[in-house]
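This report concerns only the one structure given below.
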Amino acid sequence: MDMNLFEHFTHGFLDGVNNSLTDIELECLPFGAKLMTFECGMRFLADHLNGDIYFKIHRENHNLDRARTQFKMVADMEEKFDEMKKIVKKYS
């Protein structure tokens, strides 16, 4: 997980929503990022198990490798979760 990118995306997103999010929505942003990454990993894994019928693949086990990458990123996000929360707080 590239924290520099997370900070830039967070800053740009929060600047774009122009202070329209509630405190609870702001608090949930880091969890949302983690959840969406996990969901994407699950979709890659499900597609792999279903015969690669949804996502275009370029080699054998491509979707399995994609799923593993997403799950690794989720694990990295879990380790950096407090830092992610601090970044959201910084720009909210």
Side-chain angles (χ1 to χ4, degrees):
M1 165 89 181
D2 186 328
M3 293 306 294
N4 189 43
L5 285 177
F6 181 77
E7 182 160 0
H8 287 293
F9 292 147
T10 300
H11 184 210
F13 176 73
L14 291 177
D15 190 46
V17 297
N18 199 25
N19 297 323
S20 65
L21 299 181
T22 66
D23 289 341
I24 292 172
E25 290 169 327
L26 290 167
E27 183 181 328
C28 289
L29 285 178
F31 178 76
K34 188 169 66 167
L35 181 63
M36 295 301 294
T37 305
F38 182 72
E39 178 188 0
C40 191
M42 292 298 296
R43 292 183 69 198
F44 284 135
L45 180 58
D47 195 40
H48 169 74
L49 295 172
N50 288 320
D52 301 310
I53 57 175
Y54 186 78
F55 294 106
K56 185 174 182 173
I57 61 168
H58 301 287
R59 58 181 167 72
E60 187 176 346
N61 292 326
H62 194 180
N63 281 324
L64 180 59
D65 292 340
R66 288 170 168 163
R68 287 176 174 152
T69 299
Q70 296 300 301
F71 296 147
K72 170 72 171 105
M73 190 177 303
V74 169
D76 199 27
M77 288 174 158
E78 288 176 347
E79 291 177 10
K80 297 174 179 172
F81 199 68
D82 288 338
E83 188 178 347
M84 292 170 71
K85 292 193 296 188
K86 288 177 186 174
I87 290 170
V88 170
K89 189 171 183 84
K90 177 179 176 179
Y91 294 106
S92 55

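Shortest non-hydrogen contact noted between Met84 and Ala33 is CE-CB, 4.1 Å. For Gln70 against Thr37, the heavy-atom pair with the smallest separation is OE1-CG2, 3.3 Å. Leu45 approaches Ala67 most closely through the heavy-atom pair N-CB, 3.7 Å.
Applying the ring pair (Phe, Tyr, Trp, His ring centres under 6.0 Å) test to Phe55 and every residue at least two apart in sequence or in another chain returns Phe44.
Contact of the His11 side chain with the Lys90 side chain is not registered, since no non-hydrogen atoms from C-beta on lie closer than 4.5 Å. Contact check for Lys89 versus Leu26: no side-chain heavy atoms found under the 4.5 Å cut-off. With contacts defined as side-chain heavy-atom distances shorter than 4.5 Å, the pair Leu14/Asn19 does not qualify.
Judged by distance alone, with hydrogens and angles left aside, the side-chain atoms of Asn50 form a donor-acceptor pair with the main-chain N or O of Ala46 at under 3.5 Å. The main-chain N or O of Ile53 is found under 3.5 Å from a side-chain atom of Asp47 such that the two form a donor-acceptor pair. Listed for the His62 side chain is a donor-acceptor partner under 3.5 Å among the backbone atoms of His58.
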Please report the C-alpha distance between Phe6 and Val88 in whole Å, then the side-chain angles of each, then the deciding distance to 0.1 Å, and finally whether the side-chain contact (heavy atoms from CB on, under 4.5 Å) criterion is met. CA-CA 9 Å; Phe6 181 77; Val88 170; 4.3 Å; yes
Audit row: Tyr91, Phe13, side-chain contact (heavy atoms from CB on, under 4.5 Å) steps and yes/no: CA-CA 10 Å; Tyr91 294 106; Phe13 176 73; over 6 Å; no
side-chain contact (heavy atoms from CB on, under 4.5 Å) assessment of Leu49 paired with Asn63: CA-CA 9 Å; Leu49 295 172; Asn63 281 324; over 6 Å; no
So Lys72 and Thr69, side-chain contact (heavy atoms from CB on, under 4.5 Å) or not? Walk me through it. CA-CA 5 Å; Lys72 170 72 171 105; Thr69 299; 5.7 Å; no
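Residues Phe71 and Met36 fall into different hydrophobic clusters, defined by Ile, Leu, Val, Met, Phe, Trp and Tyr side chains chained together at heavy-atom separations under 4.5 Å. Transitive grouping of hydrophobic side chains (ILVMFWY, heavy atoms separated by less than 4.5 Å) keeps Leu29 and Phe9 in distinct clusters. Follow the hydrophobic side-chain contacts under 4.5 Å out from Tyr54 and you never reach Leu64; the two are in separate clusters.
With respect to Lys80 and Asp76, a salt bridge is recorded, a charged nitrogen being found less than 4.0 Å from a carboxylate O. Taking 4.0 Å as the cut-off between side-chain N and carboxylate O, Lys85 and Glu27 do not count as a salt-bridged pair.
With values rounded to the nearest 0.5 angstrom, Glu7 atom CD is found 10.5 Å from Asp2 atom CG. Rounding to the nearest 0.5 angstrom, the gap separating the CE atom in Met3 from the CD1 atom in Ile87 is 3.5 Å. From Asp15, atom CG reaches atom OG of Ser92 across 12.5 Å, with rounding to the nearest 0.5 Å. For the atom pair Met73 CE and Met1 CE, the distance stands at 7.5 Å (nearest 0.5 Å). In this structure, Phe31 CZ and Glu78 CD are separated by 9.5 Å, a value rounded to the nearest 0.5 Å. Here the CD atom belonging to Glu25 is positioned 7.5 Å from the OG atom belonging to Ser20, to the nearest 0.5 angstrom.
Sparse packing is recorded around CZ of Phe38, with 12 or fewer heavy atoms of other residues, nucleotides or ligands lying under 6.0 Å away. Other residues, nucleotides and ligands contribute only 12 or fewer heavy atoms inside 6.0 Å of the CD1 atom of Ile24.
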